[in-house]
**Q** 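Sharing a structure below in structure tokens format, with a few things to ask.
Protein chains get the first letters and strands the later ones, always in sequence-line order, with residue 1 at the start of each.
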There are 2 protein chains.
Amino acid sequence: MTDTTDTTDPRRARLYEELSAESRRYHAAYVLFNQAVADHLGLHPTDVQALSLLTVEPEPLTVRQIADLTGLTTGSATRLVDRLERGGYVDRTPDPGDRRRVLVTPVPERVARVTAVWDELGRTWRTLLDDHSEDELRAITRHMRRANALSRTQIERLRSLPKPD
Amino acid sequence: MTDTTDTTDPRRARLYEELSAESRRYHAAYVLFNQAVADHLGLHPTDVQALSLLTVEPEPLTVRQIADLTGLTTGSATRLVDRLERGGYVDRTPDPGDRRRVLVTPVPERVARVTAVWDELGRTWRTLLDDHSEDELRAITRHMRRANALSRTQIERLRSLPKPD
DNA sequence: CATAGATTGCTGCGTCGCGCAGTGATTTCT
DNA sequence: AGAAATCACTGCGCGACGCAGCAATCTATG
């Protein structure tokens with residue numbers, strides 16, 4: 001019926017409301033899950049988060065990139081890599097192209113311990129995704145991708161704004 | 001064409017892969033955004049997170065509920081409420097029904113400062129959601145709701161498992 | 001080509017959120 | 001009524017984090 005998007009549609013506004021509330025709980029649940037994984041492995045939540053980001057990207061990351069992606073300072077990122085290296089999860093390799101940089105590479109055998117936990121979750125996840133249509137899956141992915149990009153610009157906006165205190 | 005769900009469909013497997021990778025970045029982005037909001041308001045990320053959870057639910061929460069929802073111990077939750085109370089964001093009210101409990105109620109005028117930041121984000125969010133169909137919005141919300149419930153059971157599983165250390 | 005400036009990663013230092021363990025008050029179980 | 005569980009709270013110590021300063025290296029400008 002409604003082909004064009006009507007922003008004042010009350011039913012649609014209700015959908016926005018529900019999605020907003022649900023995404024808050026969604027993120028809260030993820031934080032708790034991440035915490036549980038960290039406890040299970042004897043790591044810190046930040047470390048698990050960093051490992052997650054480190055394994056998503058195909059090429060190794062520098063310490064600075066890890067700092068930017070996690071939101072820590074370069075100093076804290078150094079200690080984080082220290083912990084991960086001490087635990088045997090990553091290797092430090094000097095960057096051949098720029099000798100200031102240090103490339104952080106995940107150690108597959110060791111990281112497998114972490115991904116094993118995720119994969120177990122992944123199996124149950126499949127049963128969750130299986131009754132979504134392909135179009136729905138694409139819509140979900142697209143929403144996340146765009147929300148991702150949006151939050152980046154919003155963070156910049158917040159940083160440029162004066163603090164209300 | 002494919003009416004029933006075929007788990008071995010390679011194109012579908014690729015969709016799962018993309019969604020998995022994107023949701024990792026999605027959560028990372030949220031953590032960064034939450035951090036930026038906290039910096040902006042001079043609060044701690046955990047406090048902002050707690051305020052978010054506190055305002056989603058219509059009725060006030062007890063200290064224990066806050067502890068469970070955020071994953072902290074009751075002791076840390078007490079300090080968290082201390083900080084929020086000192087900042088004027090919440091009020092402590094003894095529960096009339098159970099005098100052991102303390103009800104934590106958000107202070108609307110003060111919390112408005114926080115929600116103002118969210119609402120500004122909300123406006124740009126609308127432009128993002130506006131070009132999703134209602135069915136897509138429902139699919140996204142449904143996915144989050146179910147992922148939420150799933151992670152709860154997965155956390156229980158992790159806690160009952162022996163630690164690999 | 002030399003030199004100033006920017007960038008990268010690392011290291012003391014102090015701060016502070018957090019978990020742990022114990023306490024008193026209140027409720028629930030037997 | 002007494003025992004056991006639950007709730008919120010409080011010292012205490014740990015450790016992750018931000019900050020500031022450091023040397024090494026790359027880049028830009030004359």
**Q** Which residues in residues 50-63 of chain B have a heavy atom closer than 4.0 Å to any atom of DNA chain D?
**A** Thr62(B), Val63(B)

**Q** On a heavy-atom basis, which atom in Tyr89(A) and which in Val111(A) lie closest, and how many Å separate them?
**A** O-CG2, 3.5 Å

**Q** Look at the side-chain heavy atoms of Ile, Leu, Val, Met, Phe, Trp and Tyr, link any pair under 4.5 Å apart, and say whether Tyr26(A) and Leu19(A) land in one connected group.
**A** yes

**Q** Any base atoms under 4.0 Å from Leu72(A), or only sugar-phosphate, or nothing? Heavy atoms, all strands.
**A** sugar-phosphate

**Q** Less than 4.5 Å apart, side chain to side chain, heavy atoms only: is that true for Asp9(B) and Glu134(A)?
**A** yes

**Q** Determine whether a donor-acceptor pair (N or O, by modelled atom type, separation under 3.5 Å) exists between the side chain of Arg146(A) and the backbone of Leu128(B).
**A** yes

**Q** What string of B, S and - do you get for nucleotides 19-26 of chain D 5' to 3' if you count protein non-hydrogen atoms under 4.0 Å?
**A** -----BBS

**Q** Say whether, by atom type as modelled, one donor and one acceptor occur between the side chain of Asp91(B) and the main chain of Thr105(B) under 3.5 angstrom.
**A** no

**Q** Between Leu103(A) and Leu54(A), is there a shared hydrophobic cluster once you connect ILVMFWY residues whose side-chain heavy atoms come closer than 4.5 Å?
**A** no

**Q** Could you tell me the separation between the CG atom of Asp39(B) and the P atom of dC17(D), rounded to a whole number of Å?
**A** 14 Å

**Q** 5' to 3' on DNA chain C, which nucleotides open and close the contacts with chain B (atom under 4.0 Å from a heavy atom)?
**A** dG17(C) to dT27(C)

**Q** Send over the distance from Arg101(B) CZ to dA5(D) P, rounded to a whole Å.
**A** 17 Å

**Q** Would you say Arg12(B)'s side chain and Asp130(A)'s backbone share a donor-acceptor pair under 3.5 angstrom?
**A** yes

**Q** For the residue pair Leu84(B) and Arg110(B), establish whether any side-chain heavy-atom pair is separated by less than 4.5 Å.
**A** no

**Q** Under a 4.0 Å threshold between the charged nitrogen and the carboxylate oxygen, would Arg14(A) count as salt-bridged to Glu17(A)?
**A** no

**Q** Can you measure His44(B) atom NE2 to dA16(D) atom P for me and round it to whole angstrom units?
**A** 18 Å

**Q** Is it the case that one hydrophobic cluster holds both Leu72(B) and Leu158(B), taking links as side-chain heavy atoms less than 4.5 Å apart, direct or via other members?
**A** yes

**Q** Can you tell whether the side chains of Arg25(A) and Glu57(B) come within less than 4.0 Å, N to carboxylate O?
**A** yes

**Q** Whole-Å distance between dG18(D) C1' and Asp68(A) CG?
**A** 15 Å

